[in-house]
Asks: 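Let me begin by handing over the structure; questions about it come next.
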Amino acid sequence: MKVRLLAFAYTAQQAGFSECVIESDATDTPRQLFQRAAPAVATEGLRVAVDCEYHDWDAAIGAASEVALIPPVSGG
Amino acid sequence: MKVRLLAFAYTAQQAGFSECVIESDATDTPRQLFQRAAPAVATEGLRVAVDCEYHDWDAAIGAASEVALIPPVSGG
Amino acid sequence: MTKSIEFSRARLVAPPMALPTLEIGACVEFYGIVRELEKGSLLKGLFYEAYETMAARQLERIFDSLRAAHPVQTVLFIHRLGWVPVGESSLFIRVLACHRGEALRFCGEAIDRMKADVPIWKVVAPSAR
Amino acid sequence: MTKSIEFSRARLVAPPMALPTLEIGACVEFYGIVRELEKGSLLKGLFYEAYETMAARQLERIFDSLRAAHPVQTVLFIHRLGWVPVGESSLFIRVLACHRGEALRFCGEAIDRMKADVPIWKVVAPSAR
């Protein structure tokens, strides 16, 4: 199973990508995925979204197709 | 001394004028002026303004030149 | 603070936005619109009347006093007078401030205080002024 | 409630106001404007980035949940993305409601919640997306 990882704002520089696709299992957690694909990212203070919904860093992603790093937002 | 009396919104119908000028003294109160010039006006629930400032019905108008009946306002 | 207070018998049009400084971060605009149903009766419009000199003076004072709690840079107030058909605006307020909180609170409280104390009236039949 | 959520790379322009019903009595518009001074540094502008699909979904949910407390008829949201020069608008929100209280509170709370949870970012140097 493939999952798309996204990194926004300054996390894209840390991750080295703003988007990439990796192999994953339904039991993978967002933390495991980013540890594998972007170990340089400091996840402290970041949220993570799975298929456009905020998600627990340590809960399995299931059949999701997109997992995104969400640094503190600052729209407006 | 002359003073201009103003009546706004529905009070103009009650008073029979929206504007009129009458003789007055500095010791006259708004209540006395309107009792004289417009006895049909029911002042209960109305405010009065003297030279564009809200005023006590029973306080003398002094050197004011304009006294206005202010029914409940409803702008907006 | 720049204050502009206007009464107009013409259809309300928002003037072009001009920023007094590059520190302005928020612009709040409010349009009060005449509704078809007012207190249960179906209207075609409303007639507005004001004691303009007093209204302008009261509004200035209200704006000055609100400014202490909610520092804003600019307030522009236009109230339409005369006949205003349903669906058209009777009131336009624009507030410019550095931050949204001030601008929104200033705008809301300005309207509340206008509705309490500023001599402007909706009238069903206009008086012969 | 009609919701319109848009991200735009063009200069923001308020769309013409269309009233969904003649019961609308209040229109609140909010413009968020890029300020010259942001956290002490002098800017020429800001770069905005969004996770558009998620942002739209979160905004829809926020608007739906605010509607329970503050019944409004229409909300129109446009956020500009990419480079926004100082003095230009990054955000436009229009809220139409029967009464001003609802419209003002809806608008204020929608912005608060956007700033807390909606994935949109000001970035100093844009990433290569």
Side-chain angles (χ1 to χ4, degrees), chain C residues 11-14 16-40 42-46 70 73-74 84-115 122, chain D residues 11-14 16-40 42-46 70 73-74 84-115 122:
Chain C
R11 201 178 166 125
L12 292 194
V13 178
M17 199 194 301
L19 300 182
T21 76
L22 294 177
E23 287 313 290
I24 298 302
C27 169
V28 170
E29 296 188 343
F30 177 84
Y31 295 84
I33 300 162
V34 175
R35 303 169 65 207
E36 191 174 48
L37 260 178
E38 181 81 21
K39 290 172 187 155
L42 214 60
L43 303 176
K44 289 205 183 320
L46 281 171
H70 315 300
Q73 308 307 307
T74 303
V84 184
V86 163
E88 293 191 12
S89 297
S90 50
L91 171 62
F92 174 74
I93 302 180
R94 174 185 290 153
V95 179
L96 301 179
C98 295
H99 304 287
R100 72 188 185 286
E102 281 106 78
L104 283 162
R105 285 189 294 269
F106 187 103
C107 183
E109 292 186 23
I111 301 169
D112 291 346
R113 292 180 62 173
M114 174 199 70
K115 286 188 171 265
K122 295 176 175 69
Chain D
R11 202 178 165 124
L12 292 193
V13 178
M17 200 194 301
L19 299 181
T21 76
L22 293 178
E23 288 313 291
I24 299 301
C27 168
V28 170
E29 296 188 343
F30 177 84
Y31 294 85
I33 300 162
V34 176
R35 303 169 66 208
E36 193 175 45
L37 260 178
E38 181 81 21
K39 290 171 187 154
L42 214 61
L43 303 177
K44 290 204 183 321
L46 280 171
H70 314 300
Q73 310 305 307
T74 301
V84 185
V86 164
E88 294 191 11
S89 298
S90 50
L91 171 63
F92 174 75
I93 301 180
R94 174 184 289 151
V95 179
L96 302 179
C98 296
H99 304 288
R100 72 188 184 286
E102 281 106 77
L104 283 162
R105 285 188 294 268
F106 187 102
C107 183
E109 292 187 22
I111 301 169
D112 291 346
R113 291 181 63 173
M114 175 200 70
K115 287 187 172 267
K122 297 176 173 68

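Numbered from 1 within each chain, the chains take letters A, B, ... in sequence-line order.
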Asks: Show the nearest heavy-atom pair for residues D:Ile24 and C:Arg35, with the distance to one decimal.
Replies: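 Taking every non-hydrogen atom into account, O-CG, 3.6 Å.
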Asks: Within this structure, what is the CD1-SG distance for the pair D:Ile33 and C:Cys98, rounded to the nearest 0.5 Å?
Replies: 10.5 Å
Asks: Find the one option among D:Val86, D:Leu37, D:Leu104 whose heavy-atom pairs under 4.5 Å with chain C are most numerous.
Replies: D:Leu37
Asks: Side chain, backbone, both or neither: which part of C:Leu19 has an atom under 4.5 Å from a heavy atom of chain D?
Replies: side chain
Asks: As an exercise, state the distance from CG of C:Leu22 to NZ of D:Lys44, rounded to the nearest 0.5 Å.
Replies: 11.0 Å
Asks: Show the nearest heavy-atom pair for residues C:Arg100 and D:Asp112, with the distance to one decimal.
Replies: NH2-OD1, 2.8 Å
